[in-house]
Amino acid sequence: MGGFENVPFGEKDCRNFITKAREFRLGKGGGQALCDYFRRMQDMNDDFYYVMDMDDDARLRNVFWADARSRAAYEFFGDVITFDTTYLTNRYDMPFAPFVGVNHHGQSILFGAGLLSNEDTDTFVWLFESWLKCMKYRAPSAILTDQARAMKNAIARVFPRTRHRYCLWHIMRKFPEKFGAHDHCEDIKSALNTCVYDSFTVDEFEENWKKLIESYQLHNNSWLNGLYSERTFWAPIYMKDTFWAGMTTTQRSESMNAFFDDYVHSQTTLKEFVDQFDNALRKMVENEARSDFNCFNRTIPCATNLSLEKQFQDVYTNAKFKEVHEQFATGVHCNNSLLKSEGAISTYQVVETCQSHENHMTDKTFIVFFNEDEFEVKCTCAKFEFRGIICKHSISVLVTKKVTMLPPRYILDRWRKDIKRKYTLIKSSNDVFVSSSGAQRYDKMFVKFEELASLTLESEEYSMEVMKNLDMLNEKYRALKSGKVLSPVKVKRLGRPRLLRTVPAIEKVSKKSQVKMVPIVEKAANKSQLEKKASSSNNVKKKGQRKKSSKAKQDDAKTCEPSLPPTTGDQHDQFINTQVDPTNEFSKLVSQHKYEEAFDAALRISDVSIVYSLCSQVDLRCILSIDPLPLSQVVLLYLLRHLTYGINDNISQKIGWMIDVANAIIPTDPMIAVHVQPILNEVYGFLNYQQYLPTITSDELSSIRRLIHIICSKIM
């Protein structure tokens with residue numbers, strides 16, 4: 001302006017302008033709307049966390065929030081985070097500051113976010129302290145940020161034991177700005193790349209850096225001098241001793257920013273921003289769920305026949321197994337030789353032919369140490385320590401040492417697909433349900449169902465009773481919803497009774513199950529009569545056994561033929577059991593290969609113990625392999641449903657039956673097309689709850705998840 005006296009405003013005006021610029025563009029009532037929103041979210045879930053920072057005039061300056069799912073996910077993936085504030089700074093002057101991590105699929109996962117009015121040290125200290133308190137004062141092991149002095153100071157103050165790293169991409173992208181006009185720009189760039197990317201030891205880095213400075217007389221270059229003084233914050237060679245989950249840049253945060261571009265725009269108010277933030281979170285949850293599903297339904301083939309690779313294929317997510325797969329596939333470029341052996345420790349030299357950063361083929365040498373006593377392998381490339389993925393150099397040595405199975409320390413839980421993580425049970429947001437009274441009722445019922453399940457899961461009798469009652473309610477309300485007319489209540493007819501009709505064989509079997517149990521202890525007069533009948537019955541049986549035909553003997557030898565359960569107890573007990581136990585009738589039907597009639601009759605009785613008894617008599621897998629299938633799709637569908645009742649007893653066998661039955665179900669069959677969706681959804685919901693019970697073993701969990709994904713494939 002040509003001097004202070006020519007400026008058309010005073011210092012007070014300037015300070016007022018700065019204060020106003022630092023406030024959020026809330027829109028009308030935005031601050032109060034945001035506060036109400038956070039309170040409502042916390043009322044619905046106690047684990048929702050938020051902090052609002054006000055100035056002396058009660059004006060909003062900064063805000064931080066994290067939903068319950070993000071807080072729970074931090075327990076599993078909070079070892080490494082990235083933090084970046086570049087989003088929105090040029091559009092709204094409102095830095096959006098997300099805390100981002102990496103899940104077991106290598107996908108970005110959010111651990112909370114802040115909106116700031118400033119980017120000075122005090123503001124970052126407030127944000128980091130708020131976030132640390134939210135995460136129960138569990139600081140991350142490592143944090144990745146851009147090269148901001150205020151951020152560095154705040155991290156040193158709040159996270160003194162956390163390894164801090166600068167984003168390498170942000171540093172390297174400044175090169176054209178610093179050396180674009182230099183006569184040897186390309187040569188300096190090549191030398192710097194060699195120093196950064198092709199130095200595999202600290203000595204190599206120091207030597208290459210010295211060569212760079214001396215070759216181009218860069219001793220007085222302030223940018224390079226500044227980088228060298230802080231080299232332990234950014235140079236890859238100094239980061240190898242820390243686990244970074246494969247992250248080298250804040251690209252995670254920036255990709256998160258780009259992700260939010262689909263949900264916000266330049267006119268978005270603060271309240272709208274937080275709403276859209278929840279929508280974006282929900283989309284992330286869907287992406288993770290889809291990847292979880294694919295891990296159990298799509299298998300990436302191994303690159304080799306080595307059992308070592310198969311070990312990773314069985315337990316790692318597809319995304320992480322791809323990285324392991326690449327190490328095995330490119331291991332052919334490695335040649336190892338034994339340098340020395342000292343006791344249990346063998347030292348190998350591994351030479352890898354690879355492409356340098358400048359696209360030249362070159363041989364690189366790595367040293368691998370193998371301790372036979374501790375069963376430990378360590379490579380100077382430090383890929384496992386840095387990324388959590390075993391390197392090709394170590395694999396080369398393990399193959400040479402004829403190792404067929406790695407110890408658990410090399411199979412990181414972080415990348416496994418078969419681990420139950422409780423955060424997946426938590427909704428990403430609850431506020432979306434506020435406007436829906438039906439959704440509120442859903443949440444209330446869900447809480448009651450969970451409470452009921454926890455009260456009855458230890459008792460077979462109680463759980464069976466609950467499942468039967470739920471099944472009745474389910475049928476009732478499904479019929480009401482579909483507009484079906486329920487059958488009338490049976491009433492006594494006037495006049496003479498109707499003539500008897502012909503009763504099908506299946507109905508006869510069903511009715512026999514309704515015969516009352518005869519007490520074993522009877523009065524003396526009845527006892528002699530029962531014994532007489534029992535003796536007569538046994539004589540008939542013996543005659544029948546003598547007349548057994550050769551054809552019946554051949555039938556007994558068939559692979560799918562069940563063996564009748566052995567009789568136990570005295571004659572009296574046999575007689576009583578024959579009168580009241582319908583399984584004997586089912587055995588007759590099975591012996592005649594009338595599987596459809598046997599299972600149909602068992603299902604009509606609605607007694608789960610009888611269904612289980614019938615399944616234990618036959619080889620379901622063998623029966624279901626017969627072409628054509630001896631069981632109809634209707635029977636298969638309802639058999640699958642019945643097998644879920646009382647599943648906690650001998651769960652492995654019952655899940656095995658359910659897997660065989662589910663594989664045989666054809667959802668498009670017109671006989672079941674209307675019913676298949678609700679019934680499979682019902683079974684899926686039950687199994688989904690079952691897999692998170694603390695009593696489930698790892699083998700049972702694996703079978704349950706296999707069954708879940710079979711059912712999901714049928715639903716889709």
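FYI, side chains are in, hydrogens and waters are out, and symmetry mates aren't considered; it's all heavy atoms of this structure. No experiment lies behind these values; they were computed from the predicted model shown.
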A.B. asks: Can a cation-pi geometry be assigned to Arg165 and Trp244, taking NZ or CZ under 6.0 Å from the six-membered ring centre and within 45° of the ring axis?
C.D. replies: yes
A.B. asks: Under a 4.0 Å threshold between the charged nitrogen and the carboxylate oxygen, would Lys240 count as salt-bridged to Glu385?
C.D. replies: no
A.B. asks: Does any part of the side chain of Lys322, heavy atoms only, come nearer than 4.5 Å to the side chain of Val324, both counted from C-beta?
C.D. replies: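 Answer no - side chains too far apart.
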A.B. asks: Tell me whether Tyr316 contacts the main-chain N or O of Leu412 through its side chain, where contact means a donor paired with an acceptor under 3.5 Å.
C.D. replies: yes
A.B. asks: Please determine if Arg138 forms a cation-pi arrangement with Tyr74, meaning its NZ or CZ atom is less than 6.0 Å from the six-membered ring centre and no more than 45° off the ring axis.
C.D. replies: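 Yes, Arg138 lies over the aromatic ring of Tyr74.
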A.B. asks: Working to the nearest 0.5 angstrom, can you tell me the gap between Met135 CE and Tyr49 OH?
C.D. replies: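 Met135 CE to Tyr49 OH: 10.0 Å, rounded to 0.5 Å.
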A.B. asks: Between Asn62 and Ser117, does any side-chain donor sit less than 3.5 Å from a side-chain acceptor?
C.D. replies: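 There is such a pair between these side chains.
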A.B. asks: Side chains of Asp120 and Thr123: any donor to acceptor distance under 3.5 Å?
C.D. replies: yes
A.B. asks: Does Ser459 offer a backbone N or O that forms a donor-acceptor pair with the side chain of Ser463 under 3.5 Å?
C.D. replies: yes
A.B. asks: Look at the aromatic rings of Trp415 and Phe243 and report parallel, tilted or perpendicular, splitting at 30° and 60°.
C.D. replies: tilted
A.B. asks: Would you say the side-chain atoms of Thr299 and Gln313 include a donor-acceptor pair closer than 3.5 Å?
C.D. replies: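 Result is no, nothing qualifies.
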A.B. asks: Give a yes or no on whether Arg298 atom CZ has more than 12 heavy-atom contacts from other residues, nucleotides or ligands under 6.0 Å away.
C.D. replies: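 It does not: Arg298 CZ has 12 such atoms or fewer within range.
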A.B. asks: Answer yes when Asp67 and Arg69 have at least one side-chain N-carboxylate O distance shorter than 4.0 Å, and no when they do not.
C.D. replies: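 Looking at Asp67 and Arg69, the cut-off is not met.
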A.B. asks: Do the side-chain N and O atoms of Asn297 and His709 include a donor-acceptor pair separated by under 3.5 angstrom?
C.D. replies: yes
A.B. asks: OG1 of Thr232 to CD of Glu230: how many Å apart, nearest 0.5 Å?
C.D. replies: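 Thr232 OG1 to Glu230 CD: 8.0 Å, rounded to 0.5 Å.
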A.B. asks: A side-chain contact here means heavy atoms from C-beta on lying under 4.5 Å apart; do Asp146 and Ile171 qualify?
C.D. replies: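 A side-chain contact is absent here, since even the closest heavy-atom pair is not under 4.5 Å.
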A.B. asks: Is Glu323 salt-bridged to Lys320, cutoff N-O under 4.0 Å?
C.D. replies: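 So Glu323 pairs with Lys320 through a salt bridge.
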A.B. asks: Where is the tightest heavy-atom contact between Thr121 and Arg157, given as atom of each residue plus distance?
C.D. replies: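 Taking every non-hydrogen atom into account, CG2-NH2, 3.8 Å.
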A.B. asks: Take a 6.0 Å sphere around CZ of Arg706 and say whether it holds more than 12 heavy atoms from other residues, nucleotides or ligands.
C.D. replies: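 Not more than 12 within 6.0 Å, no.
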A.B. asks: Atom CG in Asn103, atom OG in Ser108: separation rounded to 0.5 Å?
C.D. replies: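 Rounded to the nearest 0.5 Å, the CG-OG separation comes out at 8.0 Å.
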A.B. asks: Check side chain to side chain contact (heavy atoms under 4.5 Å, CB included) between Asp314 and all other residues, then give those that pass, not counting sequence neighbours.
C.D. replies: Lys310
A.B. asks: With rounding to the nearest 0.5 Å, note down the distance linking CZ in Phe128 to OG1 in Thr162.
C.D. replies: 10.0 Å
A.B. asks: Testing the 3.5 Å rule here: is there a donor-acceptor pair between the side chains of Asn474 and Glu682?
C.D. replies: yes
A.B. asks: I need the single residue from Phe111, Phe159, Trp131 that forms a ring pair (Phe, Tyr, Trp, His ring centres under 6.0 Å) with Phe99. Which is it?
C.D. replies: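 That would be Trp131; it is the only one of Phe111, Phe159, Trp131 passing the ring pair (Phe, Tyr, Trp, His ring centres under 6.0 Å) with Phe99.
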A.B. asks: Do other residues, nucleotides or ligands put more than 12 heavy atoms under 6.0 Å from the CE atom of Met472?
C.D. replies: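 Not buried by this count: 12 neighbours or fewer within 6.0 Å.
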A.B. asks: Using 30° and 60° as the class boundaries, would you call the ring planes of Tyr166 and His164 parallel, tilted or perpendicular?
C.D. replies: perpendicular
A.B. asks: What's the shortest heavy-atom distance between Val676 and Leu637, and which atoms?
C.D. replies: CA-CD2, 3.9 Å
A.B. asks: Given side chains that start at C-beta, do those of Ile411 and Phe312 come closer than 4.5 Å, heavy atoms only?
C.D. replies: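 The answer is yes; the side chains approach within 4.5 Å.
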A.B. asks: Indicate the ring-plane relationship of Phe76 and Tyr423, choosing parallel, tilted or perpendicular according to the 30° and 60° boundaries.
C.D. replies: tilted
A.B. asks: Quick one: pull up CZ in Phe384 and OH in Tyr410 and give me the separation to the nearest 0.5 Å.
C.D. replies: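 Atom-to-atom, Phe384:CZ and Tyr410:OH are 6.5 Å apart.
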A.B. asks: Can Asn318 and His105 be counted as having a side-chain donor-acceptor contact under 3.5 angstrom?
C.D. replies: no
A.B. asks: Is Asp53 salt-bridged to Arg61, cutoff N-O under 4.0 Å?
C.D. replies: yes
A.B. asks: Out of Lys417, Arg705, His104, which residue meets the side chain to side chain donor-acceptor pair (under 3.5 Å) rule with Asp292?
C.D. replies: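 Running side chain to side chain donor-acceptor pair (under 3.5 Å) over Lys417, Arg705, His104 with Asp292 returns exactly one hit, His104.
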A.B. asks: Given side chains that start at C-beta, do those of Ser141 and Arg163 come closer than 4.5 Å, heavy atoms only?
C.D. replies: no
A.B. asks: Using modelled atom types and a 3.5 Å cut-off, is there a donor and acceptor pairing between side-chain atoms of Ser70 and backbone atoms of Leu110?
C.D. replies: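 Judged by distance alone, yes, a pair lies under 3.5 Å.
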A.B. asks: Does the ring of Phe233 carry Lys152 above it, NZ/CZ under 6.0 angstrom from centre and within 45° of its axis?
C.D. replies: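 Satisfied, under 6.0 Å and within 45°.
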A.B. asks: Counting only heavy atoms not in Tyr462, do more than 12 sit closer than 6.0 Å to its OH atom?
C.D. replies: no
A.B. asks: Is any side-chain heavy atom of Leu687 less than 4.5 Å from a side-chain heavy atom of Ile655?
C.D. replies: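 Yes. Closest side-chain heavy atoms under 4.5 Å.
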A.B. asks: State, with a plain yes or no, whether a side-chain heavy atom of Gln147 is found less than 4.5 Å away from one of Lys174.
C.D. replies: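 When only atoms from C-beta onward are counted, Lys174 and Gln147 do touch, with a gap below 4.5 Å.
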A.B. asks: Indicate yes or no: at least one non-hydrogen side-chain atom of Asp84 is less than 4.5 angstrom from one of Thr145.
C.D. replies: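 A side-chain contact under 4.5 Å is absent here.
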A.B. asks: Hey, does the side chain of Thr644 reach the backbone of Arg641 with a donor-acceptor pair shorter than 3.5 angstrom?
C.D. replies: yes
